[in-house]
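Counting convention: from 1, in listed order, for ligands and their atoms alike. Only this structure's heavy atoms are used, side chains among them; waters, hydrogens and symmetry mates stay out.
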Amino acid sequence: MNKEQQQPCDASWPSPIVEPMDSVGPVELGSGAGALGCSPEVLSHPSDSSKLVQECLQQFMVTEAQLQQIRASLLSSMEQGLMGQNPASAVRMLPTYVGSTPHGTEQGDFVVLELGATGASMRVLWVTLTGIEGCRVDPRSREFVIPPEVMLGPGQQLFDFAARCLAEFLEAFPVKNRCLPLGFNFSFPCHQTGLDRSTLISWTKGFRCSGVEGRDVVQLLREAIERQGASSLAVVAVVNDTVGTMMDCDPGLGPCEVGLVVDTGTNACYMEEARHVASLDEDRGRVCVSVEWGSFSDDKALGPVLTPFDKALDQGSLNPGAQRFEKMIGGLYLGELVRLVLAHLARRGLLFGGCTSPALLNQGSVGLEHVAEMEDPSSGEARVLAVLQNLGLSPGASDVKLVQLVCEAVSTRAARLCAAALAAVLGRLQHSREQHALQIAVATGGQVFKRHPRFHSLLQKTVILLAPGCDISFIPSVDGGGRGVAVVTAVAARLADHRRLLEETLAPFRLDREQLAAVQVQMREAMAKGLQGEASSLRMLPTYVRATPDGSERGDFLALDLGGTNFRVLLVRVTTGGVQITSQVYAIPERVTQGSGQQLFDHIVDCIVDFQQRQGLGGQSLPLGFTFSFPCRQLGLDQGILLNWTKGFNASDCEGQDVVALLREAIGRRQAVELNVVAIVNDTVGTMMSCGYEDHHCEVGLIVGTGTNACYMEELQNVAAVAGDSGHMCINMEWGAFGDDGTLSVPSTCFDASVDRASINPGKQRFEKLISGMYLGEIVRYILLHLNSLGVLFRGQQTQCLQTRDIFKTKFLSEIESDSLALRQVRAILEDLGLPLTSDDALIVREVCQAVSRRAAQLCGAGVAAVVEKIRENRGLEELMVTVGVDGTLYKLHPHFSSLVAATVKDLAPRCTVTFLQSEDGSGKGAALVTAVACRLAQTTRV
Ligand code: 0WK
Ligand code: BGC
Ligand code: BGC
């Protein structure tokens, strides 16, 4: 079914309907009124007819003023389209997701399927890109004629036809076991949401298949290829023919930043500043926009140039009322306009002796090729005569010239209107680039450019007139944009490959419900073992806090809060009116956290003394509660043996020591300081107590900050290490170490292993290193380095800054994942780090952050689910209502962390109604409350 076998039965034209009038009488579309044969009104003298023909053709004359008006109106309609305002007359201005003109580095073999550019034919190409500038391999291609019933039938039939043509074409090529990227050159107006996702808005030109408008045409093609079993093809990009034409431009000559097609239809695309495209969340770089000027229909601008022939053509077309502008320019319509004029003039006896012919009255019988031939100065009269005789006409001598005049009038108008539209695009470029003197290369493509003898020069001359400030070079597309589509496909294939590598990299971070439920079970098992004092990665440390506050606490207390982002000294005043807190943050320099224990505790006492002086507390010995956020085996409320440092602390001579004693010794070393250290509490306990003061259901404390941990009120009978079997004991789980014994089934990625290896406590705090703020930024950094090494990020360029440890702060995750942050702000954060990134990079970095923080939140949720379920079962309750007091920068600042934790708990512990209460005053208040309870209990035992 090659092109030659089929003759001109053009399906693009349905049956004729009306008869508009003009100065030379009614315009008839096809057969019907004024039947075949000759009209009685043959004018006596040829010059009269020539004058009347001139008069008729006058309607096709478009003045410069009218062209300027069309240019101006189209320009404002483009700006409306860019701002997303789509009044009826606006042109669609569709972003194409092509963000750059070709680099010339693209290489590989690509298959291109062209549908829609050249009317009733489809073309398949094999394009080889060498990646070497100036070195081009001519594409091999084959054209397939599309049967009319396929162009007007069910969509599935059209796509199956396309898939069969692809398969037939590829038979000639060695594609065994190769997966070839396919670029789909689909020349119709589409809403693109990605390089390979595109929804057809409406058919144009001669197509009107059912069940396709509003659908993703890439999906339809993929399904057809699957039905065809042509598995060696992967559709990776869909491209409009104007984009293919623009991208086909040899970078050496261009690069072209405008693509102009005049084939059966007409349209243009150009590189717009991304920040001007409202539908894109972009502020940098450029994006190619398909103007879809075929639908331009501003009556004020177009009304005066529309002729009755245009109206007749429109009413006889497949899509009356649509693509009005295209119908005055596109190659599918030029021939029909000429036919309508010729038929009209014949009936008026002004041509062919007033005789018509079936062909002349048959829509679609005059095509672009006829017009081009009849206008071709080299054709000469003989060819014109031959064309007209072929249409069953017997042209007289004067007819030839008059017919050529008709052709010239129609095509001249088309070229000038097209020039006005191109001038509008150039005007837009001058505006968006704030360049009055614009130097620009325009790639041109399409049969009208190729075949029509004068169209190109007419357009060039007119556009120079209408866009004086532009220095335009026109670069004809070599092979109709096939290569350009392959270049876009190469970019899309690269992006698709990047997507695959990204998915592979992030897949281990995507935990499913089964994996999370397993974590919950493993944590329950470890809790049970820890409580029984058996070997377990959860040490389940008794805290000697037996009750949460009951509101009767009173007094002034000092509190210390060590172990989080900030070290704070607090004065906590507990009165009937509530709790007043005055606090001061003090830095703990690294030389102190990594120094000796004595240095550390002396520094702490220095801060306390400084605080007392500032608060005028000199000489007062207030009871002090010490929030010490590290794993301590407590022997009593004021005795805590540090088991091991975490979170980057590493002061010597502390592990295995009673830190309360270390503090008291430091106080002892400092003259004239009297402090009564009453209690040492873990920050989880402090947080639970602090929130318990507000909400008496608060029986769990959760920290997700620099580190992570949880505590909860356990039944004393379940705590093997502490005598007694009634009442409760708050247990510090130290869940940061969960899995250190290998019982945690969550896959550890190579990035987690890198973070652990680089930490000062490798092999320790496994659960913490998957969740907490000290590590998430580092996990992301390692992933970015990996993706950079794969070429997925930052164009594979070495990024020194990412080699620096801790340069990617966890707070960046919270900022980058915030919904309110546009991509441009994401890019700003990353650029401040010195990363050379594109917008795609910013999107990928955001996705990496999301995967890492989501896993952390879900694991944290699985942990909380284990704890609340334990409490529920402890109490043999069907339903449990409990509050979890929470603190920690990551939990508080990350935009989605808290909701993901809550969602995971809801899913894994459906019989627990869990309220998460963020602690306002931190655990310092909690430490003071524990101290207050201890003091109250001490008082009652003393009396
Ligand atoms: C604030 C609490 C403190 C705790 C910290 C944890 O007052 O006890 O250690 O939250 O959060 P981070 O500061 O590590 O983010
Ligand atoms: C389509 C455009 C296409 C143009 C040239 C028009 O009918 O709407 O998408 O670029 O024809 O083929
Ligand atoms: C410590 C815990 C602490 C948690 C949150 C962990 O590294 O081991 O004691 O509760 O961090 O600060």
- Message: Looking only at distances, can you tell me whether any N or O atom of Phe630, backbone or side chain, sits closer than 3.5 Å to an N or O atom of ligand 3?
- Response: yes
- Assess Pro631 for proximity to ligand 3: is some non-hydrogen atom of it under 4.0 Å away? yes
- Item | Region of Thr708 engaging ligand 3 - heavy atom pairs below 4.0 Å | backbone
- Task: Ignoring angles and geometry beyond distance, decide whether Thr627 reaches within less than 3.5 Å of ligand 1 through its nitrogen or oxygen atoms.
- Result: no
- Item | 4.0 Å heavy-atom contact, Gly294 with ligand 2 | no
- For ligand 1, which part of Thr889 has a heavy atom less than 4.0 Å away: the side chain, the backbone, both, or neither? both
- When you measure from atom 11 (O) of ligand 2 to every protein heavy atom, which one gives the shortest distance, and what is it? Lys205 NZ, 3.0 Å
- Query: What protein heavy atom sits nearest atom 12 (P) of ligand 1, and how far off is it?
  - Reply: Thr565 OG1, 3.2 Å
- Query: Looking only at heavy atoms, is any part of Ser629 under 4.0 Å from ligand 1, and if so is it the side chain, the backbone, or both, or is it neither?
  - Reply: side chain
- Item | Any Val448 side-chain heavy atom under 4.5 Å of Thr266 side chain | no
- Do any N/O atoms on Asn240 end up under 3.5 angstrom from N/O atoms on ligand 2? yes
- Query: Nearest to atom 12 (O) of ligand 3 by heavy atom, Leu643, Thr627, Asp683: which?
  - Reply: Asp683
- Query: Is there at least one pair of N or O atoms, one from Asn682 and one from ligand 3, spaced under 3.5 Å apart?
  - Reply: yes
- Can an N or O of Asn566 be found at a distance shorter than 3.5 Å from an N or O of ligand 1? no
- Query: Taking side chain as C-beta onward, heavy atoms only, is Leu260 less than 4.5 Å from Leu459?
  - Reply: yes
- Query: Do any N/O atoms on Asn732 end up under 3.5 angstrom from N/O atoms on ligand 3?
  - Reply: no
- Message: Looking only at protein heavy atoms, which one is nearest to atom 2 (C) of ligand 2, and what is the separation?
- Response: Glu292 OE2, 3.2 Å
- Item | pair Leu158-Val212: side-chain heavy atoms closer than 4.5 Å | no
- Message: Any atom of ligand 2 sitting under 4.0 Å from a heavy atom of Asp263?
- Response: no
